Amino acid sequence: MSVNAAIAERFSQIADMLELTGADAFRINAMRRAARAVEGLAQDLASLAADRKSLLAIQGVGARVADKIQEFVQHGSMAEHLALLEQVPPGLLRLLQIPGLGPKTVRMLWTERGITDLDGLKRIIADGSILSLPRMGAKTVENLKAAIAFQESNSSRLHLGVAMPVAHGVVDAMCAVRGVTRCTYAGSLRRGAETIGDIDVLIETGETETAREAFCTLPGVERVLVRGENKCSVRMRLAQEGNRWGADEADGRSVQVDLRLVEPGAWGAALMYFTGSKEHNVRMRERALKRGMTLSEHGLFPLDQDESPPHSRGVRPVAGATEEEVFGALGLPWIPPEVREDRGEMSLTRTPSLIESGQVRAELHAHTTASDGLLSLDQLIGHAKSRGFHTIAVTDHSRSSFQANGLSPERLRQQIRDVRQAQGRFAGIRVLAGSEVDILADGALDYDDELLAELDIVVASPHAALGQDSAQATARLVRAIGHPATRILGHPTGRLVSRRKGLEPDMGAVFQAARAQGVALEINAHWLRLDLRDTHVRGAVEAGCLIAIDCDVHDPADFNNLEFGVLTARRGWLPPEQCVNTWEAPRLHAWLRDRRVEVTP
DNA sequence: CCGCTCCGGCGGCTAAGGCAGAAGCCTTA
């Protein structure tokens, strides 16, 4: 585990444990913010910690948190963390993960009955003794049992690419329901987060009961969790969908879908509220208060003496119909959903220019049947052309990836000739002869320089030895970037979202090398990779690196993953001009020929 | 515990739903 991840984990555990001991809520919140700040940091704290000033410059890191970071970097532990571990049984942290079970209740179970882990909880449920505890009625215990069972059969969050089709299905179905005038999804899905906890859907309708009924009986609904006036929640089965990676992804799993009925005139406020993030929303409400207003999902209202919610008293909102209106009334430009993470977006004075899918004109990482792709050379070119791309790069695996049928030098030479011939059969699209070349464990590339020099494009990617330590990983990637043939660093860390950690290099060093060499860093758009991840993109953009967004095409459907790569890019504040895939053909091709051009992002 | 603003002290988001227990707590988003 990287130092950053280790520190973030400790802050988060400190927060949980403080919560269980009933500590000051603001201190707990500060720990959570610190965990988030550290998690999203591109620089390596091991090297940053020496400079206290730069630690304090991080939003959410004050004197005490900086102390703890320095303490961990020097000693490998934090005294407060260790002290709390002595005090709080570790099994309790697991109980907090159970949906519906919060800190107050876990604490109550612990102090009243000495429950310290999941087994203990199951025991008092089984023998019924839990029912004698305060606030523990039959219904609550039933729900608790279901929550435990659910959690044990489902790993918690869904991949972006798995959740998205479900959301589109629900939205399409609800749009067709009588009386519905508007329907869309919000939440972390709209922000393009790499994993999704649940799916939020908003509707505006003149026939609320029809909509509630339609929603609760949608195909795939297993269980209705909540059926209130303004909110319904269901658990929905995931449809099976064959996929290169995801065959088992949907197996027997389900996802919670929340439907919110939005009153007329509050659409913008509701959309903002349910899009989040939570942290962004908190900032927005604080900002409203500073300006003498109060913000909720019902709108932006003038502040008055009355404690009760203003919308319930018929107070006229200052804004609420559209997001633009609400942001505007708070002195902000419209902020794209993907950057609503409380990572500096509140200081924007204009809507930032972020890349859009339609601006992508080239696919620079694609496989054919020559290695492990499903498309023939001509099929691949045909699909790329129909997508409107001006360039398609053929980049099959190199020889070390034998599991992927990597090409021997002879086969690669033959493929280069095949590509040249294929080019003759297609007009209006440039076909590049390339390779996705393995970066070996020591940072060397997988073909000799002579052969590499014959290629139009080299995507250098790590595939094996992904467990090596941070220093080795950094040296490996920096060396690969320094090879004169490398144009793109493919899926730089090799991580798989919530499956495999991948390399944990000092990303700051990687960015510097890439910037100096004019090498583009890839955002691999497959929803299981999303590598670079959002926070890395942000760091790379700020460091002035070029970025490539690639679908790593293996089958035709993979072209559709572009959407996820672009969402990730936008979460990293990527402007279109810094992404090589948006460049017109002459500029892109010149960049590919001219290995050491000066980069002006 | 942080940030703001002033160097010590203060304030720090909002609403709905469910349940248990008869007004309010807890959780979630």
Side-chain angles (χ1 to χ4, degrees), chain A residues 11 14-15 18-19 23-37 55-69 80 95-109 131-144 147 186-191 196-202 224-233 256-263 266 269-270 272-291 293-301 303 307-313 330 342 346:
Chain A
F11 284 144
I14 289 175
L18 285 174
E19 206 147 38
D24 172 38
F26 294 110
R27 220 177 129 221
I28 296 165
N29 193 28
M31 284 298 145
R32 296 217 189 283
R33 282 186 68 195
R36 250 178 77 86
L55 286 185
L56 292 170
I58 303 165
Q59 276 292 310
V61 175
R64 306 300 303 278
V65 167
D67 287 345
K68 289 185 173 65
I69 293 173
E80 183 176 12
L95 294 186
L96 281 178
Q97 308 302 316
I98 299 168
L101 206 51
K104 296 277 187 356
T105 311
V106 172
R107 182 174 156 80
M108 185 272 289
L109 292 169
L131 289 163
S132 62
L133 287 166
R135 317 188 45 74
M136 282 293 162
K139 188 81 184 240
T140 301
V141 174
E142 271 317 300
N143 289 343
L144 191 54
S188 50
L189 198 60
R190 181 166 179 240
R191 300 201 310 279
I196 306 301
D198 54 22
I199 298 173
D200 285 297
V201 176
L202 271 57
V224 178
L225 303 168
V226 173
R227 184 162 176 168
E229 193 180 342
N230 301 312
K231 168 182 169 173
C232 298
S233 293
Q256 181 171 329
V257 186
D258 295 341
L259 181 77
R260 317 284 179 155
L261 285 82
V262 180
E263 67 239 65
M272 283 173 69
Y273 179 85
F274 291 111
T275 297
S277 63
K278 185 174 181 233
E279 291 78 9
H280 169 87
N281 285 353
V282 169
R283 288 278 165 268
M284 291 294 289
R285 288 178 221 134
E286 284 174 358
R287 188 181 178 99
L289 285 180
K290 277 208 190 79
R291 288 156 192 251
M293 294 177 276
T294 175
L295 178 63
S296 75
E297 65 265 47
H298 302 287
L300 182 65
F301 297 91
L303 205 54
E307 293 273 305
S308 63
H311 72 96
S312 63
R313 290 179 274 123
L330 292 170
D342 187 26
M346 304 291 290

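Here is how names work: the chains are called A, B, and so on, in the same order as the sequence lines, proteins then strands, and each is numbered from 1. Computed from a predicted structure; not experimentally measured.
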query: Which listed nucleotide (dC26(B), dA15(B), dC1(B)) is nearest to the side chain of Lys104(A)?
result: dC26(B)
field: Thr140(A) vs dG18(B): side-chain N/O to OP1/OP2 distance below 4.0 Å
entry: no
- prompt: Between dA29(B), dC1(B), dA15(B), which nucleotide has the shortest distance from any of its atoms to the side chain of Ser296(A)?
  reply: dA15(B)
- request: Tell me what Arg135(A) touches on the nucleic acid: a base, only sugar-phosphate, or nothing, going by heavy atoms under 4.0 Å.
  value: base
- prompt: Where the side chain of Leu289(A) is concerned, which of dG17(B), dT27(B), dT14(B) is the nearest nucleotide?
  reply: dT14(B)
Proximity to the side chain of Lys139(A) - top-ranked nucleotide from dC1(B), dA20(B), dA15(B): dA20(B)
field: Per Phe26(A) side chain, nearest of listed nucleotides dA29(B), dC26(B), dG12(B)
entry: dG12(B)
task: State which of dG3(B), dG17(B), dT14(B) makes the closest approach to the side chain of Lys231(A).
output: dG17(B)
Phosphate contact (dA16(B) OP1 or OP2) by His311(A) side-chain N/O below 4.0 Å: yes
- request: Measure from the side chain of His298(A), starting at C-beta and using heavy atoms only, and say which of dA29(B), dT28(B), dA16(B) lies closest.
  value: dA16(B)
message: With a 4.0 Å cutoff (strictly under), does any side-chain N or O of Asn143(A) reach OP1 or OP2 of dC19(B)?
response: yes
field: Identified side-chain contact (heavy atoms from CB on, under 4.5 Å) counterpart of Asp342(A) within the set Glu279(A), Lys278(A), Gln59(A)
entry: Glu279(A)
message: Nearest to the Pro309(A) side chain among dA29(B), dA16(B), dC1(B), which nucleotide is it?
response: dA16(B)
- prompt: Hey, are Glu19(A) and Arg32(A) close enough for a salt bridge, meaning a charged N less than 4.0 Å from a carboxylate O?
  reply: yes
- prompt: Between His311(A) and Phe301(A), how do the two ring planes meet: parallel, tilted or perpendicular, split at 30° and 60°?
  reply: tilted
field: Heavy-atom donor-acceptor pair, Tyr273(A) side-chain to dA29(B) base, under 3.5 Å
entry: yes
- prompt: When we call it a touch if two heavy atoms are under 4.0 Å apart, what does Arg260(A) touch: a base, just sugar-phosphate, or nothing?
  reply: sugar-phosphate
query: Is the count of non-hydrogen atoms from other residues, nucleotides or ligands lying under 6.0 Å from Glu286(A) atom CD greater than 12?
result: yes
